[in-house]
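Take a look at this one; I'll ask things after.
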Amino acid sequence: MPLTAIVGVAPPAEIADIGSGTGILTGSLLGLGYHVYAVEPNEAMRLVADRVHLGHRGYRSVAAAAERTGLPDQSVDAITVGQSLHWFDLAQVRVEFARILRPGGGLLALWNEMRCRNCAFCQALEGVLISLLPAYAAARAQAPDPVELVTAAMPPGTSIHPSHLRHEQHVTEEGLWHRIHSTSYAPERGDPLAEQLRHALAVLFREHAADGLVTLHYTTTVITAVPPGSKGVRP
């Protein structure tokens with residue numbers, strides 16, 4: 001299903017991409033013609049997104065937390081959240097989301113989970129991450145239920161529609177490093193563990209690459225949340 005159909009409002013609608021990180025989802029939305037407020041409190045991650053997207057006329061970089069975006073009342077047609085909702089104070093974002101959404105607007109939340117069955121590279125990669133990054137192992141063990149998170153972030157009576165998609169990402173060695181380093185559990189640059197991780201990924205890449213690429217297999221959970229009386233984001 002096209003992303004425009006999932007978002008439920010047509011470009012050039014205004015979208016608040018909350019917890020936008022390094023701008024991966026933001027970039028997809030910009031490419032479709034949306035105007036995007038990329039709301040991210042982490043300066044290092046926000047600067048990565050700025051380097052890529054600042055020249056785009058539809059891009060607005062917002063240094064703010066999800067609970068206090070600073071956006072005007074009823075200023076956006078939809079909200080997107082890509083794999084960051086579990087970091088938010090859900091009681092506070094419920095109020096903030098209701099404040100910034102225009103009548104008819106809703107929420108689109110996305111989670112990617114690596115599929116390791118029948119993929120030797122993904123199994124080996126997960127083994128490296130578990131062995132080197134305690135935060136990754138803890139996140140895997142305590143993974144929240146996405147539907148419960150969305151339910152807590154939206155008002156009572158919200159219509160919630162989960163679905164699951166499969167996709168693949170083909171990356172170079174440098175792309176693999178950037179993919180892993182963009183995650184919340186990755187060590188900061190300059191941390192000795194970062195160099196250890198980069199070396200382990202390089203070894204893994206050489207063992208599994210074909211034609212200069214490795215393939216990451218994902219299941220994406222897509223959840224649309226439509227508040228009572230809204231005709232916005234739809235399943």
Side-chain angles (χ1 to χ4, degrees), residues 1 3 5-9 15-26 28-29 36-42 45-46 49 62 64-71 76-102 104-116 126 129 133-167 179 182-186 218-230 232-235:
M1 178 182 292
L3 184 57
I6 297 173
V7 173
V9 290
I15 308 292
D17 188 22
I18 308 292
S20 52
T22 58
I24 296 172
L25 178 55
T26 293
S28 295
L29 294 167
V36 183
Y37 295 97
V39 180
E40 173 54 53
N42 183 286
M45 299 182 82
R46 192 175 62 255
V62 181
E67 298 84 358
R68 294 172 299 280
T69 65
L71 298 179
V76 297
D77 299 296
I79 293 170
T80 59
V81 180
Q83 201 127 348
S84 58
L85 193 57
H86 56 291
W87 294 109
F88 304 163
D89 182 312
L90 297 177
Q92 291 187 40
V93 298
R94 177 187 290 186
V95 175
E96 183 70 350
F97 287 1
R99 183 185 70 80
I100 66 174
L101 273 173
R102 291 176 179 140
L107 171 70
L108 168 68
L110 305 171
W111 275 263
N112 273 324
E113 183 176 2
M114 193 162 58
R115 288 186 285 116
C116 294
E126 182 161 72
L129 298 178
L133 305 179
Y136 177 82
R140 291 285 289 165
Q142 302 170 9
D145 183 291
V147 173
E148 291 181 2
L149 292 177
V150 171
T151 301
M154 299 299 286
T158 293
S159 180
I160 295 175
H161 307 272
S163 59
H164 303 279
L165 308 172
R166 290 190 172 197
H167 70 98
R179 169 66 187 87
S182 70
T183 61
S184 60
Y185 48 76
Y218 291 103
T219 296
T220 300
T221 299
V222 180
I223 302 177
T224 57
V226 182
S230 174
V233 176
R234 59 180 180 268

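For this chain, numbers begin at 1 and follow the sequence in order.
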Task: Criterion side-chain hydrogen bond (donor to acceptor under 3.5 Å, both in side chains) against Thr220, the qualifying member of Arg166, His167, His164 - done: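 Looking at Arg166, His167, His164, the match for Thr220 under the side-chain hydrogen bond (donor to acceptor under 3.5 Å, both in side chains) is His167.
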
Open item on the list: Working to the nearest 0.5 angstrom, can you tell me the gap between Leu71 CG and Arg99 CZ?
Closed with: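 It is 7.0 Å, given to the nearest 0.5 Å.
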
Task: Atom of Tyr136, atom of Glu126 and distance for their closest heavy-atom approach - done: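 So the minimum-distance heavy-atom pair works out to OH-OE2, 3.0 Å.
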
Open item on the list: Can you give me the closest heavy-atom contact between Met154 and Arg94, atom names plus distance?
Closed with: O-NE, 3.1 Å

TODO: Identify the two heavy atoms, one from Asp17 and one from Gly82, that lie closest to each other, and give their separation to 0.1 Å.
DONE: OD1-N, 4.5 Å

Task: Straight-line distance of Asn112 CG to Arg179 CZ, nearest 0.5 Å - done: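 Answer rounded to 0.5 Å: 6.5 Å.
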
TODO: Would you confirm whether Glu67, through its side chain, and Asp89, through its main-chain N or O, come within 3.5 Å as a donor-acceptor pair?
DONE: yes

Open item on the list: I need the Leu85 CG to Glu148 CD distance, nearest 0.5 Å.
Closed with: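 The CG atom of Leu85 sits 12.0 Å away from the CD atom of Glu148.
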
Open item on the list: Checking side-chain polar atoms at under 3.5 Å, does Thr221 have a donor or acceptor matched by the opposite partner on Glu113?
Closed with: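 No - no donor-acceptor pair under 3.5 Å links their side chains.
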
Task: Smallest separation among heavy atoms of Leu149 and His86, with atom names - done: CD1-CB, 3.8 Å

Task: Beyond-backbone contact of Val147 with Val150, side-chain heavy atoms, under 4.5 angstrom - done: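 Counting from C-beta outward, Val147 and Val150 never come under 4.5 Å.
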
TODO: Give a yes-or-no answer on whether the side chains of Ser159 and His161 include a donor-acceptor pair shorter than 3.5 Å.
DONE: yes

Task: Side-chain heavy atoms of Ile18 within contact of Phe97, under 4.5 Å - done: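 A side-chain contact under 4.5 Å exists here.
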
Task: Test applied, side-chain contact (heavy atoms from CB on, under 4.5 Å); reference residue, Leu108; option that passes from Val9, Val81, Thr80, Ile223 - done: Thr80

TODO: Answer whether the closest heavy-atom distance between the side chains of Tyr37 and Ile100 falls below 4.5 Å.
DONE: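 Side chain of Tyr37 against side chain of Ile100, heavy atoms only: no contact under 4.5 Å found.
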
TODO: Provide the closest heavy-atom pair for Thr158 versus Pro227 in the form atom of the first, atom of the second, distance.
DONE: OG1-CA, 3.8 Å

Open item on the list: Once rounded to the nearest 0.5 Å, what's the spacing between atom CG of Asp77 and atom CD1 of Ile15?
Closed with: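 The CG atom of Asp77 sits 6.0 Å away from the CD1 atom of Ile15.
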
Open item on the list: If I compare all heavy atoms of Pro155 with all of Pro228, which pair ends up nearest, and what's the gap?
Closed with: CG-CD, 4.3 Å

Open item on the list: What's the separation between atom OG in Ser84 and atom CG in Asn42, rounded to the nearest 0.5 Å?
Closed with: 11.5 Å

Task: Euclidean distance, Thr26 OG1 relative to Arg46 CZ, rounded to 0.5 Å - done: 12.5 Å

